[in-house]
**Q** 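This is the structure, below, for whatever I ask next.
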Amino acid sequence: MRPYTFILVAVAFSLACTSSPSPEEQVKEWTCELAEGDPAPEFLKSLGCQGDFTVLASEPLDTSIPGARSVKVVMDRFDGDSLYFQNSQKYAIHYQFVSSHLSGQGLPIVGSLADFNQTEYYAPDRRFLLGAVTYYEGPGVWALELAPYDTASAELMTQLYESVRDASYFGSALVFHPTSQAVEAEAKNLASSIRVMTTGELYAATDYQPLNLATSVGRLRFIQAEELEATYLSYRDIVVLDRLPNDISTVVGIITEEFQTPLSHVNVLSQNRKTPNMGLREAMTNAQLRALEGKWVRLTVGAFDWSVEEVTVAEADAYWEEHKPVPVVLPSADLTVKEFRDLEDVVTEGTGSLREALKAAIPAFGGKAAHYSVLATTEGLPVRKAFAIPAWYYVQFMEENGFYARLDELLADPEFQAKPEVRDARLKEFRAAMKAAPVNAEFQRMLQEKLAADYPGLTMRFRTSTNSEDLEGFPCAGCYESHTGDPSDWEDVLEAIRKTWASIWLFRTFEEREFHSIDHKSIVMALLVHHNFPDEEANGVALTANPFDPSGLQPGFYVNVQVGGDAEVVHPPPGITSDQFIYEFNQPGLPLTYLSHSNLVVTGQTVLTSAQVYELGKALELIHQRFSPAYGPRAGNTGWYAMDVEFKFDGEPGETPALTVKQARPHPGRGQ
């Protein structure tokens with residue numbers, strides 16, 4: 001299998017340090033093994049030109065570094081160290097090629113895939129040395145790579161490297177690219193003549209980061225991220241930004257000069273909207289983009305490259321009419337449920353499917369509380385004790401204070417509909433009125449009794465749980481705002497609840513619903529309530545599958561984690577980086593590949609210990625399997641499946657911080 005490659009910003013690198021060719025290489029003349037137009041062979045014994053490589057190369061199993069192509073290589077140590085560059089389009093993994101061509105007929109029989117993997121990646125006396133030669137077009141690098149879980153010694157690495165180098169026209173430029181911590185540690189034992197190039201160095205030499213693969217048509221605008229608060233965008237705009245913003249209203253395309261994390265709210269929203277999102281170094285001064293500023297353009301973000309071209313106004317209007325989002329109809333609110341429920345009792349699976357049980361709970365308790373309920377009933381999964389306040393009390397609050405009638409007036413106002421600045425101002429007034437309105441006395445009494453009985457002396461987090469978030473196909477990540485209240489100051493609790501309810505009417509969330517043609521009056525908000533995390537040691541987000549591996553052939557967990565404090569993982573301040581890694585939890589040796597490191601911890605250290613990473617891996621595996629009957633293979637989903645998970649590591653002074661899972665929702669995918 002070909003090892004992982006990923007996209008993120010890292011340390012600087014100069015290609016000038018690649019080694020010079022040896023005297024033998026300088027005089028050797030390379031010629032193509034294949035003539036132009038020849039059919040692709042099963043394998044080649046050497047690569048004499050770019051054409052030979054191209055015929056055999058496949059797109060990598062992951063597509064995060066654009067322009068990357070790979071040819072898998074096999075050395076048969078039993079047969080005189082014979083080297084094979086396999087047809088990697090026909091044979092996606094090494095085993096397929098080896099079992100077809102190097103088994104029997106005078107050679108030892110190759111056994112099962114399981115036996116092959118166990119022996120050829122882990123045994124010191126293995127028959128085969130397995131790797132891949134990858135060309136990274138952006139930085140112009142030829143790299144030999146092993147699988148992240150391969151335990152080859154430096155001696156075996158050197159044997160394969162030298163063989164590939166001597167059999168390739170690009171041999172003098174070949175570097176060794178470690179693909180995991182374990183491989184990198186062993187690569188330190190390589191001779192100085194073998195140039196080792198880290199994943200971080202590859203990132204630094206890459207200019208383009210595809211995040212959500214899509215095409216869209218809109219008006220191209222250049223904006224500094226700090227100007228967004230005072231700038232109104234149309235949902236037919238494509239924006240070029242100097243850095244990733246903490247928040248942005250609905251647009252049909254995003255280009256950031258600063259590279260992003262795939263789990264940022266901006267990217268998850270782009271995935272939900274099915275609109276292009278990419279990183280491009282020096283985007284603000286890119287001549288091709290600047291020439292089209294203010295014009296209608298078609299932007300395409302592909303796995304390996306991007307394109308932009310001018311279109312006419314008529315073409316833009318026609319494209320919008322054909323491709324504007326299909327209206328989203330939210331689950332109808334269930335206002336028959338009025339009792340507070342402990343989270344274990346929100347989703348009742350019974351004899352039906354998990355998918356149907358979730359659908360039954362969301363109308364009364366919203367997506368976040370429903371998914372949290374499943375977490376709370378998953379044995380072995382650490383979650384905080386919690387309860388849910390049903391959506392009925394939001395509706396009661398809106399009706400008793402006349403807010404639905406006031407909303408009707410706003411929606412009927414032509415100026416409100418036509419001018420974003422008017423919408424923003426009126427919605428601020430609407431939220432201010434909600435924050436000052438009285439809360440039903442009986443509701444207050446019930447809540448006081450619940451908190452006194454089950455959560456005495458604890459500050460509480462009131463988290464949004466609407467029928468328009470954390471849904472399959474419409475996660476609306478980061479749309480709403482949760483707040484904390486201290487029951488010792490009851491007005492503080494009421495303020496937290498009102499502010500949370502009022503976040504339904506934030507300008508950005510209103511625009512998001514407008515983009516999807518959602519009936520604004522159909523949204524209701526339940527509340528997920530638990531003790532807050534006042535001073536956690538680490539917070540993070542993760543996917544229960546590898547977003548850079550849509551094929552599913554190289555599974556892993558993708559994790560972003562940061563030390564506790566004010567630096568959020570998905571909304572980091574400018575210049576702040578987090579630990580980001582791929583964790584191959586189901587592979588022997590549990591390979592771990594760090595893509596970037598937090599700059600808020602001491603250099604050389606990581607946010608989580610090895611034991612904490614393992615604890616997290618166990619939880620992610622439980623979550624992935626638990627929700628499979630609702631969204632994954634066990635629900636008939638044959639496509640890419642992952643749960644988007646938020647977690648904390650928290651502990652009392654003197655204690656080792658322990659894992660707590662905050663939420664899980666279905667992830668919308670990476671685009672087509």
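Computed from a predicted structure; not experimentally measured.
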**Q** For D579, does its backbone N or O pair with a side-chain atom of S598 as donor and acceptor, under 3.5 Å?
**A** no

**Q** Picking from Y614, Y149, Y558, what satisfies ring pair (Phe, Tyr, Trp, His ring centres under 6.0 Å) with F585?
**A** Y614

**Q** Report the relative orientation of the aromatic rings in Y208 and W306; use parallel for angles under 30°, tilted for 30 to 60°, perpendicular for over 60°.
**A** tilted

**Q** Do side-chain atoms of Q96 reach the backbone of A92 as a donor and acceptor pair under 3.5 angstrom?
**A** yes

**Q** Out of curiosity, Q605 CD to L600 CG, how far, rounded to the nearest 0.5 Å?
**A** 12.5 Å

**Q** Side-chain donor-acceptor pair under 3.5 Å between D81 and Q159, yes or no?
**A** yes

**Q** Keeping E186 on the side-chain end and V183 on the backbone end, is there a donor-acceptor pair under 3.5 Å?
**A** no

**Q** What closest approach, in Å, do Q271 and L211 show between heavy atoms, and which atom pair accounts for it?
**A** NE2-O, 4.5 Å

**Q** Hey, does the Lys NZ or Arg CZ of R281 hover above the aromatic six-ring of F259, less than 6.0 Å from the centre and inside 45° of the axis?
**A** yes

**Q** State, to 0.1 Å, how close Q562 and S578 come at their nearest heavy-atom pair, and which atoms those are.
**A** NE2-CA, 3.7 Å

**Q** Between W30 and S168, what is the shortest heavy-atom contact and its length?
**A** CZ2-O, 3.3 Å

**Q** Checking Y135 against Q50 for the side-chain hydrogen bond (donor to acceptor under 3.5 Å, both in side chains) test, could you report, in this order, the C-alpha distance in whole Å, the side-chain angles of both residues, the deciding distance, and whether it holds?
**A** CA-CA 10 Å; Y135 180 63; Q50 178 73 40; over 6 Å; no

**Q** Go through the side-chain N and O atoms of T179 and E145 and say whether any donor and acceptor fall under 3.5 Å apart.
**A** no

**Q** Quick one: does any side-chain atom of S180 pair with a main-chain N or O of P148 as donor and acceptor, under 3.5 Å?
**A** yes

**Q** Give the minimum heavy-atom separation between I238 and S216, together with the two atoms involved.
**A** CD1-O, 4.0 Å

**Q** Begin from the C-alpha positions of F97 and H94 and carry the test ring pair (Phe, Tyr, Trp, His ring centres under 6.0 Å) through to its verdict.
**A** CA-CA 5 Å; F97 173 78; H94 290 107; 8.8 Å; no

**Q** Grab the two heavy atoms, one from L174 and one from A143, that are nearest each other, plus how far apart they are.
**A** CD1-C, 3.9 Å

**Q** Look only at the side chain of N560 and the backbone of Q580, and say whether a donor-acceptor pair between them is shorter than 3.5 Å.
**A** no

**Q** Check the pair I255, L299 against side-chain contact (heavy atoms from CB on, under 4.5 Å), reporting the backbone distance first and the verdict last.
**A** CA-CA 10 Å; I255 302 172; L299 173 68; 4.0 Å; yes

**Q** Parallel under 30°, tilted from 30 to 60°, perpendicular over 60°: which one fits the rings of F43 and Y84?
**A** perpendicular

**Q** Given 3.5 Å as the limit, does a donor-acceptor pair link the side chain of K72 with the main chain of F85, or not?
**A** no

**Q** Looking at Y121, is its backbone amide N or carbonyl O close enough to the side chain of T151 to form a donor-acceptor pair, meaning the two atoms are under 3.5 Å apart?
**A** yes

**Q** Would you mind reporting whether V645 and V541 have side-chain heavy atoms less than 4.5 Å apart?
**A** no

**Q** Where is the tightest heavy-atom contact between A283 and L289, given as atom of each residue plus distance?
**A** O-CD1, 3.9 Å

**Q** Let me see the working for S88 and S58 under side-chain hydrogen bond (donor to acceptor under 3.5 Å, both in side chains), right down to the final yes or no.
**A** CA-CA 5 Å; S88 302; S58 65; 4.9 Å; no

**Q** For the backbone of V55 and the side chain of Q89, can you confirm whether one donor and one acceptor N or O come within less than 3.5 Å of each other?
**A** yes

**Q** Mind running side-chain contact (heavy atoms from CB on, under 4.5 Å) on D644 and L543 for me, showing each step along the way?
**A** CA-CA 5 Å; D644 184 345; L543 291 180; 4.0 Å; yes

**Q** Side chains of S46 and E33: donor-acceptor distance under 3.5 Å anywhere?
**A** yes

**Q** Would you say NZ of K188 has more than 12 non-hydrogen atoms from neighbouring residues, nucleotides or ligands within 6.0 angstrom?
**A** no

**Q** Any non-hydrogen side-chain atom of V252 less than 4.5 Å from a side-chain atom of V217?
**A** no

**Q** Quick check: does any side chain N or O of Q612 sit under 3.5 Å from a backbone N or O of P657, one acting as donor and the other as acceptor?
**A** yes

**Q** Mind checking the CG-CG spacing from L241 to L228? Nearest 0.5 Å is all I need.
**A** 5.5 Å

**Q** Less than 4.0 Å between a side-chain N and a carboxylate O, is that true for K45 and D52?
**A** no

**Q** Any non-hydrogen side-chain atom of F176 less than 4.5 Å from a side-chain atom of L190?
**A** yes

**Q** Checking the side chain of D76 only, and the main-chain atoms of S82 only, is there a donor and an acceptor separated by less than 3.5 Å?
**A** no

**Q** OG/S193 to CD/E162 distance, rounded to the nearest 0.5 angstrom?
**A** 7.0 Å

**Q** Would V308 and R298 count as a side-chain contact (heavy atoms from CB on, under 4.5 Å) here? Give the steps.
**A** CA-CA 5 Å; V308 64; R298 178 181 289 103; over 6 Å; no

**Q** State whether E120 and R126 are salt-bridged, where the test is any N-O pair (Lys NZ or Arg NE/NH1/NH2 against Asp/Glu carboxylate O) under 4.0 Å.
**A** no

**Q** For T134 and S70, which I'm curious about, is there any donor-acceptor pair between the side chains at under 3.5 Å?
**A** yes

**Q** With a 4.5 Å heavy-atom cut-off, do L616 and F647 have their side chains touching?
**A** yes

**Q** Between E621 and N586, does any side-chain donor sit less than 3.5 Å from a side-chain acceptor?
**A** yes

**Q** Side chains of R77 and L129: does their closest heavy-atom pair fall under 4.5 Å?
**A** yes

**Q** Enter the distance from I254:CD1 to D237:CG here, rounded to the nearest 0.5 Å.
**A** 11.0 Å

**Q** Should we say atom CD of E309 is surrounded by more than 12 heavy atoms from elsewhere, each under 6.0 Å from it?
**A** yes

**Q** Do the side chains of P41 and L56 get nearer than 4.5 Å, heavy atoms only?
**A** yes

**Q** Go through the steps for T199 and H177 under the test side-chain hydrogen bond (donor to acceptor under 3.5 Å, both in side chains), then give the verdict.
**A** CA-CA 7 Å; T199 301; H177 169 219; 2.8 Å; yes

**Q** How far does OG1 of T158 sit from CD1 of I194, to the nearest 0.5 angstrom?
**A** 4.0 Å

**Q** Decide whether Y91 and E42 meet the rule of one side-chain donor and one side-chain acceptor closer than 3.5 Å.
**A** yes

**Q** Under a 3.5 Å cutoff, is there a donor and acceptor pairing between the side chains of N277 and Q260?
**A** yes

**Q** Is there side-chain contact between T606 and Y594, with at least one heavy-atom pair below 4.5 Å?
**A** yes

**Q** Assess whether side-chain contact (heavy atoms from CB on, under 4.5 Å) is satisfied between V301 and N212, documenting all intermediate values.
**A** CA-CA 7 Å; V301 172; N212 197 52; over 6 Å; no

**Q** Name the residue from Y631, W640, Y641 that meets the ring pair (Phe, Tyr, Trp, His ring centres under 6.0 Å) definition with H667.
**A** W640

**Q** Supply the atom-to-atom distance L590 CG to S610 OG, rounded to the nearest 0.5 angstrom.
**A** 10.0 Å

**Q** Applying the side-chain contact (heavy atoms from CB on, under 4.5 Å) criterion to V240, which one of R221, E293, R290, M284 satisfies it?
**A** M284

**Q** For the residue pair V133 and F53, establish whether any side-chain heavy-atom pair is separated by less than 4.5 Å.
**A** yes

